[in-house]
Amino acid sequence: DAYKNHTESGSKYNRNISVTDWVNEFENTYLQGINKAYLKHYHVPLNKLKNDLGYKRMVDVTEVDLQRSINKLDGMSYSTVDKYRQMVKRVFDRARKNRIIQDNPAADIELPDYTRGTHRALETWEIELILNH
């Protein structure tokens with residue numbers, strides 16, 4: 001049955017592939033064109049996903065698993081929480097497109113409570129003051 005399901009799915013990947021193995025494949029395949037300066041920002045959410053669910057098979061990951069994972073970011077900045085959600089969606093969407101999974105369990109995960117940062121752009125006079133000193 002497992003061989004039949006794998007053959008019929010049309011995927012070159014084993015349906016028993018773990019989250020860790022798929023995330024590694026995702027990084028090696030889909031993040032090749034990313035500027036190295038930005039690449040480190042992609043590894044943070046991917047490493048969190050591997051730490052939280054890396055032991056599971058991709059086909060066994062549920063929306064509840066992903067929601068629990070993102071809920072651990074409760075109280076963090078909007079940017080941190082949203083980057084994690086976006087990356088998880090991308091990872092599972094690529095798994096769906098490669099026919100490892102039938103549906104994307106990350107499609108509807110919700111953001112936990114987050115904080116809004118106080119970052120703002122510097123005014124011209126502030127930039128000039130910094131450069132002069």
Side-chain angles (χ1 to χ4, degrees):
D1 287 342
Y3 175 77
K4 184 178 175 184
N5 286 339
H6 176 67
T7 304
E8 289 175 356
S9 75
S11 176
K12 74 173 191 167
Y13 298 101
N14 184 336
R15 289 183 49 83
N16 290 321
I17 190 169
S18 70
V19 171
T20 295
D21 291 338
W22 176 249
V23 169
N24 291 337
E25 179 70 21
F26 176 87
E27 287 177 298
N28 293 331
T29 305
Y30 297 107
L31 298 183
Q32 288 304 306
I34 306 288
N35 184 315
K36 299 235 187 284
Y38 295 106
L39 200 54
K40 66 180 179 179
H41 299 292
Y42 288 104
H43 290 298
V44 172
L46 292 174
N47 287 338
K48 177 177 176 23
L49 179 60
K50 288 192 280 189
N51 288 337
D52 286 354
L53 300 170
Y55 63 93
K56 292 189 109 176
R57 296 183 319 156
M58 287 293 292
V59 295
D60 293 333
V61 175
T62 64
E63 182 180 335
V64 170
D65 295 325
L66 296 173
Q67 190 65 54
R68 285 183 183 142
S69 178
I70 199 169
N71 286 349
K72 292 178 184 178
L73 299 175
D74 183 50
M76 297 193 83
S77 73
Y78 172 79
S79 176
T80 299
V81 176
D82 192 52
K83 283 177 187 169
Y84 182 67
R85 178 179 63 169
Q86 288 179 33
M87 187 57 71
V88 169
K89 282 183 175 185
R90 285 180 63 193
V91 166
F92 281 88
D93 193 49
R94 289 295 180 173
R96 184 187 55 77
K97 288 179 180 178
N98 282 281
R99 297 185 180 137
I100 296 170
I101 57 177
Q102 289 183 343
D103 297 311
N104 183 349
D108 296 320
I109 58 175
E110 297 177 9
L111 294 178
D113 288 337
Y114 52 84
T115 58
R116 285 282 182 185
T118 59
H119 297 90
R120 64 175 179 78
L122 295 175
E123 299 286 335
T124 305
W125 69 269
E126 293 172 309
I127 295 170
E128 291 172 359
L129 186 65
I130 291 169
L131 293 174
N132 289 334
H133 290 90

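Source: prediction; values computed, not measured.
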**OP:** Could you state whether L122 and L131 fall into the same hydrophobic cluster, counting links through intermediate Ile, Leu, Val, Met, Phe, Trp or Tyr residues with side-chain heavy atoms under 4.5 angstrom apart?
**Re:** yes
**OP:** Could you tell me whether R94 sits above the aromatic face of F26, with NZ or CZ closer than 6.0 angstrom to the six-membered ring centre and within 45 degrees of the axis?
**Re:** no
**OP:** Please answer whether the main-chain N or O of T62 pairs with a side-chain N or O of D65 as donor and acceptor at a distance below 3.5 Å.
**Re:** yes
Original post:
Ion pair present between E63 and R68, side-chain N to carboxylate O less than 4.0 angstrom?
Top reply: no
**OP:** Output the distance between atom CG (N47) and atom OH (Y42), rounded to the nearest 0.5 Å.
**Re:** 15.0 Å
Original post:
Would D93 and R90 pass as an ion pair if we require N to O under 4.0 Å?
Top reply: no
**OP:** Just jot down the ring pair (Phe, Tyr, Trp, His ring centres under 6.0 Å) partners of Y55, sequence neighbours excluded, or say none.
**Re:** none
Subject >> Value rounded to 0.5 Å, distance of CH2 in W125 from CD1 in I130 >> reply: 9.0 Å
Subject >> Separation between CG of D60 and OG of S18, rounded to the nearest 0.5 Å >> reply: 11.0 Å
Subject >> Flag for Q67-N71: side-chain donor and acceptor within less than 3.5 Å >> reply: yes
Original post:
In Å and rounded to the nearest 0.5 Å, what is the CD to NE2 distance from E27 to H43?
Top reply: 5.5 Å
Original post:
In terms of hydrophobic clusters joined by side-chain contacts under 4.5 Å, are Y30 and V91 together?
Top reply: yes
Subject >> M76-M87 co-clustered via ILVMFWY side chain contacts under 4.5 Å >> reply: yes
Subject >> Chi angles and distances behind the side-chain contact (heavy atoms from CB on, under 4.5 Å) call for K56, L53 >> reply: CA-CA 6 Å; K56 292 189 109 176; L53 300 170; 4.1 Å; yes
**OP:** Give a yes or no on whether a salt bridge exists between D103 and R96, defined as a side-chain N under 4.0 angstrom from a carboxylate O.
**Re:** no
Original post:
Would you say Q32 has more than 12 foreign heavy atoms packed within less than 6.0 Å of its CD?
Top reply: yes
Subject >> Heavy-atom pair of closest approach, residues G54 and T20 >> reply: CA-OG1, 3.0 Å
**OP:** Using the side-chain contact (heavy atoms from CB on, under 4.5 Å) rule, take W22 and I100 through it: C-alpha gap first, then chi angles, then the decisive distance, then the call.
**Re:** CA-CA 9 Å; W22 176 249; I100 296 170; 3.4 Å; yes
**OP:** List the atom of I70, the atom of P112, and the distance in Å for their closest heavy-atom pair.
**Re:** O-CG, 3.4 Å
Subject >> CZ-CG distance between R57 and N16, expressed to the nearest 0.5 angstrom >> reply: 4.5 Å
Original post:
So if you build clusters from Ile, Leu, Val, Met, Phe, Trp, Tyr with side-chain heavy-atom gaps below 4.5 Å, do V88 and L31 land together?
Top reply: yes
**OP:** Check step by step if side-chain contact (heavy atoms from CB on, under 4.5 Å) holds for R15 and M58.
**Re:** CA-CA 8 Å; R15 289 183 49 83; M58 287 293 292; over 6 Å; no
Subject >> L73 to T80 - nearest heavy-atom pair and separation >> reply: CD1-O, 4.4 Å
Original post:
Distance from L66 atom CG to D108 atom CG, nearest 0.5 Å?
Top reply: 11.5 Å
Original post:
If you group Ile, Leu, Val, Met, Phe, Trp and Tyr by side-chain heavy-atom gaps below 4.5 Å, do L46 and V44 land in one group?
Top reply: no
**OP:** Give the intermediate values and the outcome of side-chain contact (heavy atoms from CB on, under 4.5 Å) for residues S79 and Y114.
**Re:** CA-CA 9 Å; S79 176; Y114 52 84; over 6 Å; no
**OP:** Decide whether Q86 and D82 meet the rule of one side-chain donor and one side-chain acceptor closer than 3.5 Å.
**Re:** yes
Original post:
Do I101 and F92 have side chains that get closer than 4.5 Å, going by heavy atoms?
Top reply: yes
